[in-house]
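Reading through the structure tokens given below for one structure.
Note that this is a predicted model, so its numbers are computed, not measured.
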Number of protein chains: 2
Amino acid sequence: MGRYARKVSTGPAFKRLPRAVREQQMLDSAVQVFSRRGYHGASMDEIAEVAGISKPMVYAYLGHKEDLFVACLHREGTRMMEAIAGAAAPDLPADERLWRGLRAFFGFVGAHRDGWAVLYRQARGEQRFARELSVMRARLVEVVSGMLDHALRAEGREAAETELEVVAYALVGATESLADWLADRPEADPEKTATRMMNAAWLGAGQLLSGATWHPPTV
Amino acid sequence: MGRYARKVSTGPAFKRLPRAVREQQMLDSAVQVFSRRGYHGASMDEIAEVAGISKPMVYAYLGHKEDLFVACLHREGTRMMEAIAGAAAPDLPADERLWRGLRAFFGFVGAHRDGWAVLYRQARGEQRFARELSVMRARLVEVVSGMLDHALRAEGREAAETELEVVAYALVGATESLADWLADRPEADPEKTATRMMNAAWLGAGQLLSGATWHPPTV
DNA sequence: GCGTAACCTTACGCATGGGTAGGTATGCTC
DNA sequence: GAGCATACCTACCCATGCGTAAGGTTACGC
């Protein structure tokens, strides 16, 4: 006989909640703990404890540690893509589309630093999750490179796919890097960071050095 | 009595080598295994085995796992900085300095994909190594931002430190991202990748979309 | 030629943490 | 209010892998 009976004699110390709710709580805790400790550093015990639940429940609902991490990846990734997609407006000029995408992205990272850390700091380097991660990154790259392609065709020109891909990679990488910069500086302003990023990305170092600046459109 | 005596009866199965040589062998193996398996996935046993030596030797020479990893980080990081610094020439125009730095960097990554993986894929996410890593990245950012500052002052202008830092971060991030892109594609050409990076960084998306291109100076 | 330091080994201790077995309360259905 | 699925628990197993103890052998100085 476990100690469960003893606790119950004073009434249940826990609340019974429907599965869907508990699952979200667990994912919240998991994202938090994974982001603090890293994939390996995070223990299932701690995740369960933070969620206010016992370990077997985590296994019952979300499976093994890898499954749990993948679930976190999916949830946070989906949220991020939605945030960005929501800012898109296909018929705007390229610079304004890029600007809106960047602003949405930095806004998301600023608001979900934990999720961001899980997605891009922890998942890297674990080749176990390479597939999941590359799928997500590919979607991002596709969005950006599609945008560039669209803008090019509007001018009657086009470029090799590899070229577009490389530029898109560079853009995504620069943005990720600044996102890290932002995530480490709680006092920094996402909007301002997005503007700076836009300047660097749109104008390039050459024009920046010549004194050119890009300003967000006055809404 | 161990089994050591038995082996010796047929002559020593190993070579006795001076410490300095063994240490380098161990570091070579460690970089290789860390890059393949990740920090946690790598076992001291495997590192020792790859080095053709037994585990206690690793502990005797290079200490605990963390120490060993830091030693890898330092060696590879130093090599990288040397490769880049060797390409620098302070009195050249900014674009050519950037170009040379980029070429050296991509050349290094192309030639030391394992070292690169250890440095930037594995070390991230382990906050244990955050200090080491941020020091190295800061040196990189400092080089880039110093270069930008130098170029600005040459035109009689200047910019706030934060501005320069952000641009430098974006540049470094974009470059790291393309380095990953490169490391995953054995058939890709470092030189070409450097040129593309230069185009994106120097000209910016805006000019690229207008059809501008940057070409490496003909040596 | 002989001691001693440097090199190198096998074999094990033991903590950590993923994963599970087995059992208890609660609420919904009929 | 009996039955059953669901939500939930405590307590444990055990593989993995870091780190070490104890000892054997070879080279080199003197």
Side-chain angles (χ1 to χ4, degrees), chain A residues 1-27 29-30 33-34 36-72 126 128-129, chain B residues 1-26 29-30 33-34 36-72 126 128:
Chain A
M1 177 182 66
R3 301 206 175 148
Y4 189 75
R6 199 176 66 203
K7 277 196 176 174
V8 158
S9 67
T10 68
F14 53 86
K15 279 198 177 171
R16 285 172 80 93
L17 292 176
R19 174 166 183 155
V21 176
R22 277 283 188 240
E23 278 183 351
Q24 290 309 309
Q25 288 182 351
M26 288 175 188
L27 286 177
S29 315
V33 175
F34 278 134
R36 264 214 302 269
R37 313 260 192 224
Y39 177 73
H40 285 278
S43 75
M44 296 298 273
D45 289 278
E46 183 176 1
I47 291 170
E49 189 188 328
V50 170
I53 214 74
S54 74
K55 192 168 50 164
M57 287 305 298
V58 181
Y59 280 89
Y61 283 175
L62 293 167
H64 294 194
K65 195 178 185 182
E66 291 192 8
D67 305 324
L68 176 58
F69 190 79
V70 169
C72 291
E126 302 287 328
R128 219 175 321 189
F129 307 119
Chain B
M1 177 180 68
R3 300 208 174 147
Y4 190 74
R6 200 178 63 204
K7 275 195 178 176
V8 158
S9 67
T10 69
F14 52 85
K15 280 198 177 169
R16 288 171 79 95
L17 292 176
R19 174 165 186 155
V21 177
R22 278 280 189 241
E23 277 183 351
Q24 291 307 311
Q25 287 181 352
M26 288 176 188
S29 315
V33 175
F34 278 134
R36 264 214 301 270
R37 314 260 191 226
Y39 177 73
H40 286 276
S43 75
M44 297 297 274
D45 289 276
E46 183 177 0
I47 291 170
E49 189 188 329
V50 169
I53 215 73
S54 72
K55 194 168 48 165
M57 286 306 298
V58 181
Y59 280 90
Y61 283 175
L62 293 166
H64 294 194
K65 196 178 185 181
E66 290 193 9
D67 305 325
L68 176 59
F69 190 79
V70 169
C72 292
E126 303 287 328
R128 215 174 326 184

For a quick test of reading the model: is some side-chain N or O of A/Arg22 closer than 4.0 Å to OP1 or OP2 of D/dT6?
no

Hey, can you pull the residues of residues 55-66 of chain A with a non-hydrogen atom under 4.0 angstrom from DNA chain D?
A/Pro56, A/Met57, A/Tyr61

Going by side chain to side chain contact (heavy atoms under 4.5 Å, CB included), name the residues that satisfy it together with A/Val70, two or more places apart in sequence or in a different chain.
A/His74, A/Phe129, A/Glu132

Once salt bridge (Lys or Arg N to Asp or Glu O under 4.0 Å) is applied, what residue pairs with a partner in residues 56-67 of chain A remain, sequence neighbours excluded?
A/Glu66-A/Arg128

For A/Gln24, all residues meeting side-chain hydrogen bond (donor to acceptor under 3.5 Å, both in side chains), sequence neighbours excluded
A/Arg75

D/dC28 P sits how many Å from B/Leu17 CG, rounded?
12 Å

In whole angstroms, how far is the C1' atom of D/dT10 from the CD atom of A/Glu49?
15 Å

Base, sugar-phosphate, or nothing for B/Ala48, non-hydrogen atoms under 4.0 angstrom?
nothing

Closest to the side chain of B/Ser43, out of C/dG18, D/dT6, D/dG17, is D/dG17

Say you draw a straight line from CZ of A/Arg22 to OG of A/Ser29; how long is it, rounded to the nearest 0.5 Å?
9.5 Å

With a cut-off of 3.5 Å and sequence neighbours excluded, list every side-chain donor-acceptor pair involving residues 57-64 of chain B.
none

In whole Å, I'd like the distance from the CZ atom of B/Arg19 to the P atom of C/dA5.
16 Å

Could you check which of D/dG24, C/dG17, D/dC9 has an atom nearest any side-chain atom of B/Arg16?
D/dG24

Contacts of type salt bridge (charged side-chain N to carboxylate O under 4.0 Å, His left out), residue B/Glu23, not counting sequence neighbours:
B/Arg19

